[in-house]
Amino acid sequence: MTNFAPASTFNAGSAGKWRRAILRLILLSVLVIFALFYLMPLFVMVTTSLKSLEEIRTGSLVALPREVTFEAWRTAWSSACTGIQCEGLRPYFWNSVQLAIPAVLISTLLGAINGYVIAQWKFRGANLIFSLMLFGCFIPFQVVLLPMARTLGLMGLAGSIPGLIFVHVVYGIGFTTLFFRNYYVSVPSELVKAAKVDGAGFFRIFWSIFLPLSLPIIVVTVIWQFTQIWNDFLFGVSFSQAGTQPITVALNNIVNSTTGVKEYNVDMAAAIIAALPTLLVYVVAGKYFIRGLTAGSVKG
Amino acid sequence: MAPILDITSLYKNYGQTEILKDINVSIEPGDFLVLVGPSGCGKSTLLNCIAGLEPITSGSIEIDGRDMTQVSPKDRDIAMVFQSYALYPTMTVAKNITFGMKVRGVDAATQEAKLQQVASQLQIEQLLHRRPSQLSGGQRQRVAMGRALVRDPKLFLFDEPLSNLDAKLRVEMRSEIKKLHLNLGASMVYVTHDQIEAMTLATKIVVLKGGVVQQIGSPAEIYNRPANLFVADFMGSPAMNLIPARTHKNGSGTRIEIARDTGEPLVLSDPNSDLPSDVILGLRPEDIAEAGFRAGEGVQEARCVIDMVEPAGADTYVVSRLGGKQVTARLHAETKAQPGQPLNLAFDLSKVSYFAPETGERLN
């Protein structure tokens, strides 16, 4: 347990000691209450998804399942109805995977190259271009829907997964460039000079010197982009058609297209399935995320 | 012999700002050229121009007879050591040294042989598998030198390579660089703001100020016959005494009067009759000694009040006020000089420099 009170060198006496203990107790209680408050929805989701419909109807919302069943998970994954089709989330999950992985990789790579150019190969207008890219980060999604639909139509990508990849790459470049530019700005420019004298060219310097330095910022960018793209609903619902919808759209359809009884357990399971990949990315790479955000200069 | 490096009327502007103005320098193979000047004088920019890392506005740069003005750095046959060493942080020492050869497609066996040769020359064999972050400043310095040496270039470029080291290590590395230059017989261009480094290393010094060459010459020429007040003041430590004086024609020579606070001027005479009525008289501290310890044709003695005595071990510096300036003299260590007491000083006018007060240019 972390010692919250400052370590004191003087003898505070027993009264002071009690005071500190009580303060610490209050502090911890508040923290525990908040933690429970935030964990409650997750708890309800998980337990509900493990109950049968019968038990949900009769039991309490916060009670543990009397009988654990994975039936709702099976249904959510492979046979829940999204509108008229009843194939569960599975096909849409793979749509999202096929969409998110290339979109994350391409936008991260482009951001790295952009950041490298803007930070280390200064050219006339570099700052203007960087400002415009930053500006792109703040354009609300809704504004670009119509022009993007027209663009995708002209490119022949309307309603396809490559089309969605394109949208997410375009929208992601602003952020990924910002991340990499800020990271590469702290790399001493003499490194590029030394490599130039050594005979390395633009891409050689990028691959051999800058990319190996970049692990923390790559992790940050990948987490950021993956979360954005996986959780996106608006682009997914606007630029997809029957066979190409991402998981967020399918989840919405499952929850909204129930006929007859509302299957809360299936809804809960489906929501958890949809959220699992981002959760996994955070658990696996989370510590790099914090480290990468705070990483400053690259010491030689 | 053809010059190894020939810079002709080089200009460099950043927008409207002129960084370098009409630079003309050339060096012979085996020369050690030092570019020296205060910070912001353009010396590092000039080095970057020679390396091809900065484009020049006009003029030309030839290396070993080839016009390199428009050639990219990798094709100039140069190697460069940077102030921050610029070691590639994710590569081991060995990879740092061989990176240039790898980029150029040198075969692995040659790379290994050259690496071993350079490593033993610089005594860094035991460091080859470490990363730059695991090295001390001096070790990084050596690796940076290794990366340059392994290339065996026509021209070595050094950009303040010692300024990040502590004082003791700096002196050590300085003499190592000097040794290296003697052993290799290579041509080197070296940038520093440290005039002692410039004096000890150079065969030729270029003094820069505000992007303009002040003087080019051997260390002895720069030291003994500075071309103007800036060079006189910048080179040498303690700096040259620059004393305002009035002159009067006196037969075939000149009578020189230096005002003193006591009212009675200090009078010296010089056989040179070609001086204007107002001059700045320049004498290095070592050219003013205690009377009786310096003999020769130009030596003249005068009684001066000593304001301050600074023993420095091997020598004792004394300060006296002449012509409104603090004038430093370098005496022997056992001098009896006392603050506030007068002392007979010997001025060696055979070493004197005269400057015009308005232009600062040398007169004699």
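Naming: A, B, ... by sequence-line order, numbering from 1 per chain. What you see below is based on every heavy atom in this structure, not just the backbone, and it leaves out hydrogens, waters and symmetry mates.
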Let's test your reading of the structure: which of B:R151, B:K95, B:M91 forms the most heavy-atom pairs below 4.5 Å with chain A?
B:R151

Looking only at B:M80, B:Q83, B:R104, most heavy-atom pairs under 4.5 Å shared with chain A are made by B:R104

Less than 4.5 Å to any heavy atom of chain B: does that hold for the side chain of A:S189, its backbone, both, or neither?
neither

B:Y85 and B:N96: side chain donor to acceptor below 3.5 Å
no

Part of B:A148 lying under 4.5 Å from any heavy atom of chain A:
neither

For the residue pair B:Q116 and B:E112, confirm or rule out a side-chain donor-acceptor distance under 3.5 Å.
yes

A:F210-A:F180 aromatic ring centre distance below 6.0 Å
no

Between A:R181 and A:T177, do the side chains contain an N or O donor and an N or O acceptor separated by less than 3.5 Å?
no

At a 4.5 Å cut-off on heavy atoms, which part of B:D75 comes close to chain A: side chain, backbone, both, or neither?
neither

Residue among B:E197, B:E160, B:R174 satisfying side chain to side chain donor-acceptor pair (under 3.5 Å) with B:T192:
B:E197

